[in-house]
Amino acid sequence: MNVLDSFSLKGKVAFVTGACYGIGFAIASALAEAGAKIAFNGLNAEHVARGIENYRKAGIDAHGYVCDVTDADAIEDLVKKINQEVGVIDILVNNAGIIKRIPMLDMKPEEFRQVIDVDLTAPFIVSKAVIPGMIKKGHGKIINICSMMSELGRETVSAYAAAKGGLKMLTRNIASEYGAYNIQCNGIGPGYIETPQTAPLRVPGNPFNDFIISKTPAGRWGRTEDLTGPAVFLASDASNFVNGHILYVDGGILAYIGKQP
Ligand code: NAP
Ligand code: GCO
C-alpha cells in the first residue's frame with residue numbers, strides 16, 4: 001500500500017463533538033476532505049444549523065445534532081441515532097469544551113464542576129457510548145482535544161487545567177484498556193489557537209496577546225488549520241501503532257523558555 005493511502009479515511013464515519021465552529025469545525029472538515037462521513041453536535045440549535053450550512057458551503061454533507069455532551073442518556077441515544085443515520089462510528093474526536101477564567105479563590109464549586117463536567121467527564125461519557133461499536137467493528141480511533149494546560153498551569157484556569165490534565169490521563173487509560181481491541185486513543189494538545197474561545201485573550205492591547213507570541217518560537221498564534229494534518233494522521237491507519245500519545249501542536253511553546261523581554 002502506498003504510504004499516502006494509509007492517511008485515507010474513505011468509508012469511515014467520524015463523530016466530532018462541539019464542531020459547529022472553531023477547532024472542531026476545522027478538524028471535521030479535514031476528516032471529510034480525507035474521505036470520512038461527518039456527524040457533529042453542539043449545545044445551541046442555531047449554532048448547529050449554521051454549522052450544517054457552513055459545512056455545506058465547504059461541500060461537506062455533515063449530519064448535525066443538538067446534544068449536551070454531559071448528558072449520558074442523551075449521548076447514548078445520539079450515538080444510536082448516528083449509527084443508524086450515518087453509520088457505526090469509526091473515529092471519535094472529543095472536542096467540545098469550555099473554559100472559565102476565574103481566580104481559584106473566586107471560583108464557585110459549581111463553576112469548577114461545570115468545567116470538569118464538559119471537559120473531562122463528557123469525553124468519558126461519549127467514549128463509553130462509542131467504544132462498544134468500535135469493538136464490534138474491530139477497530140477505532142479516539143482523539144481527545146487536550147491543551148497546553150494538560151502540562152502547564154496559569155492564573156485563573158484551575159478548573160480547565162485540572163480537566164485537561166485529567167483528559168491526558170483518560171487518553172492514556174483508554175489506550176491501555178482498549179488497545180487490545182485495535183482501538184487507538186490519542187490526544188492533540190493545541191497551543192494558543194485563534195478561535196472564539198481565545199478571542200478575549202487576543203483583544204488588541206491585551207498584554208497576554210504579546211506574551212503568547214513571545215512564548216511561541218513560531219512567533220504567532222496558532223490557526224485551526226494547523227491542527228488538521230495531525231488530526232487526519234491520528235484518525236487514519238497511518239497511526240495504527242500510535243496509542244496513548246498526546247501530540248502537541250503548539251508552535252514550540254512547550255519546548256521554549258520564552259523570548260528575552
Ligand atoms: P469554542 O470555539 O469555544 O467552541 C466550543 C464548541 O464546544 C462549540 O461548538 C460549543 O457548542 C461546544 N460545546 C460546549 N459545551 C458543550 C456541551 N455541553 N455539549 C455540546 N457541545 C458543547 O472552542 P475551541 O477554541 O474551538 O476549542 C475546542 C476544543 O479545543 C476545546 O476542548 C478546547 O478546550 C480545546 N482547546 C482550545 C484551544 C484554543 O486555543 N482555542 C487550545 C487548546 C485546546 P455551542 O456553540 O453549541 O455551545
Ligand atoms: C487560556 C487559554 C488556553 C487555551 C488552550 C491552550 O486562557 O490560557 O484559553 O487555555 O485555550 O487550552 O492550549
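Because the structure is a prediction, the values reported are computed rather than measured. Atoms within each ligand, like the ligands themselves, are counted from 1 in listed order.
Looking at every heavy atom in both residues, Leu43 comes nearest to Val66 through O-CG1, 3.3 Å.
Few gaps surround CZ on Arg220; more than 12 heavy atoms of other groups in view lie less than 6.0 Å from it. Residue Lys141 places its NZ atom among more than 12 non-hydrogen atoms of other residues, nucleotides or ligands, all under 6.0 Å distant. No more than 12 heavy-atom neighbours from other residues, nucleotides or ligands sit within 6.0 angstrom of CZ on Phe124.
Ligand 2 places these atoms under 4.0 Å from at least one heavy atom of Pro190: 13 (O). Close approach to Ser147 involves these atoms of ligand 2, each under 4.0 Å from a residue heavy atom: 5 (C), 6 (C), 12 (O), 13 (O). Heavy-atom contacts of Tyr160 reach the following atoms of ligand 2: 5 (C), 10 (O), 11 (O), 12 (O) (cutoff under 4.0 Å). Close approach of ligand 2 to Leu201 is summarised as follows: ligand atoms under 4.0 Å from at least one heavy atom of the residue are 1 (C), 2 (C), 7 (O), 9 (O). Distances below 4.0 Å separate heavy atoms of Arg154 from the following atoms of ligand 2: 1 (C), 7 (O), 8 (O). Residue-ligand proximity, Arg101 to ligand 2, at heavy-atom distances under 4.0 Å covers atoms 1 (C), 2 (C), 7 (O), 9 (O).
Taking only nitrogen or oxygen atoms, main chain and side chain alike, Met148 reaches within less than 3.5 Å of ligand 2. Inclusion of Gly191 in the set of residues having an N or O under 3.5 Å from an N or O of ligand 2 is warranted.
A donor-acceptor contact closer than 3.5 angstrom is absent between the side chains of Glu85 and Asn83. A donor-acceptor contact closer than 3.5 angstrom links the side chains of Asn94 and Ser127.
Tested against Asp90, the residues Lys136, Lys12, Lys137 include a single salt bridge (Lys or Arg N to Asp or Glu O under 4.0 Å) partner, Lys137.
Each salt bridge (charged side-chain N to carboxylate O under 4.0 Å, His left out) pair with one or both residues in residues 49-74, not counting sequence neighbours, appears once here: Glu46-Arg50, Glu53-Arg56. Annotation: ring pair (Phe, Tyr, Trp, His ring centres under 6.0 Å) contacts involving residues 55-93, sequence neighbours excluded, comprise Phe25-Tyr55, Phe40-Tyr55.
In terms of protein heavy-atom proximity, atom 2 (C) of ligand 2 is nearest to Tyr192 CE2, 3.3 Å.
Proximity of Gln197 to ligand 2, defined as any heavy-atom pair under 4.0 Å, is confined to the side chain (atoms from C-beta onward). Contacts between Ile99 and ligand 2 below 4.0 angstrom, taking non-hydrogen atoms only, involve the side chain exclusively.
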Donor-acceptor contacts, no H, no angles, side chain residues 154-171, under 3.5 Å, sequence neighbours left out:
{"unit_1": "Lys164", "atom_1": "NZ", "unit_2": "Ile145", "atom_2": "O", "d": "2.8"}
{"unit_1": "Lys168", "atom_1": "NZ", "unit_2": "Ser150", "atom_2": "O", "d": "3.4"}
{"unit_1": "Lys168", "atom_1": "NZ", "unit_2": "Glu151", "atom_2": "OE1", "d": "3.3"}
{"unit_1": "Lys168", "atom_1": "NZ", "unit_2": "Glu151", "atom_2": "OE2", "d": "3.2"}
{"unit_1": "Thr171", "atom_1": "OG1", "unit_2": "Asn144", "atom_2": "ND2", "d": "2.9"}
{"unit_1": "Thr171", "atom_1": "OG1", "unit_2": "Leu167", "atom_2": "O", "d": "2.7"}

For ligand 1, output the ligand-protein N/O contacts shorter than 3.5 angstrom; if there are none, return none.
{"unit_1": "ligand 1", "atom_1": "9 (O)", "unit_2": "Gly18", "atom_2": "O", "d": "3.1"}
{"unit_1": "ligand 1", "atom_1": "18 (N)", "unit_2": "Asp68", "atom_2": "OD1", "d": "3.0"}
{"unit_1": "ligand 1", "atom_1": "19 (N)", "unit_2": "Val69", "atom_2": "N", "d": "3.1"}
{"unit_1": "ligand 1", "atom_1": "25 (O)", "unit_2": "Thr195", "atom_2": "OG1", "d": "2.5"}
{"unit_1": "ligand 1", "atom_1": "26 (O)", "unit_2": "Ile23", "atom_2": "N", "d": "2.9"}
{"unit_1": "ligand 1", "atom_1": "32 (O)", "unit_2": "Asn95", "atom_2": "O", "d": "2.7"}
{"unit_1": "ligand 1", "atom_1": "32 (O)", "unit_2": "Lys164", "atom_2": "NZ", "d": "3.0"}
{"unit_1": "ligand 1", "atom_1": "34 (O)", "unit_2": "Tyr160", "atom_2": "OH", "d": "2.6"}
{"unit_1": "ligand 1", "atom_1": "34 (O)", "unit_2": "Lys164", "atom_2": "NZ", "d": "3.1"}
{"unit_1": "ligand 1", "atom_1": "40 (O)", "unit_2": "Ile193", "atom_2": "N", "d": "2.8"}
{"unit_1": "ligand 1", "atom_1": "40 (O)", "unit_2": "Ile193", "atom_2": "O", "d": "3.4"}
{"unit_1": "ligand 1", "atom_1": "41 (N)", "unit_2": "Thr195", "atom_2": "OG1", "d": "3.1"}
{"unit_1": "ligand 1", "atom_1": "46 (O)", "unit_2": "Tyr21", "atom_2": "OH", "d": "2.6"}
{"unit_1": "ligand 1", "atom_1": "46 (O)", "unit_2": "His47", "atom_2": "ND1", "d": "2.6"}
{"unit_1": "ligand 1", "atom_1": "47 (O)", "unit_2": "Leu43", "atom_2": "N", "d": "2.9"}
{"unit_1": "ligand 1", "atom_1": "47 (O)", "unit_2": "Asn44", "atom_2": "N", "d": "2.8"}

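Separating the CD1 atom in Ile213 from the OH atom in Tyr192 is a distance of 13.0 Å, to the nearest 0.5 Å.
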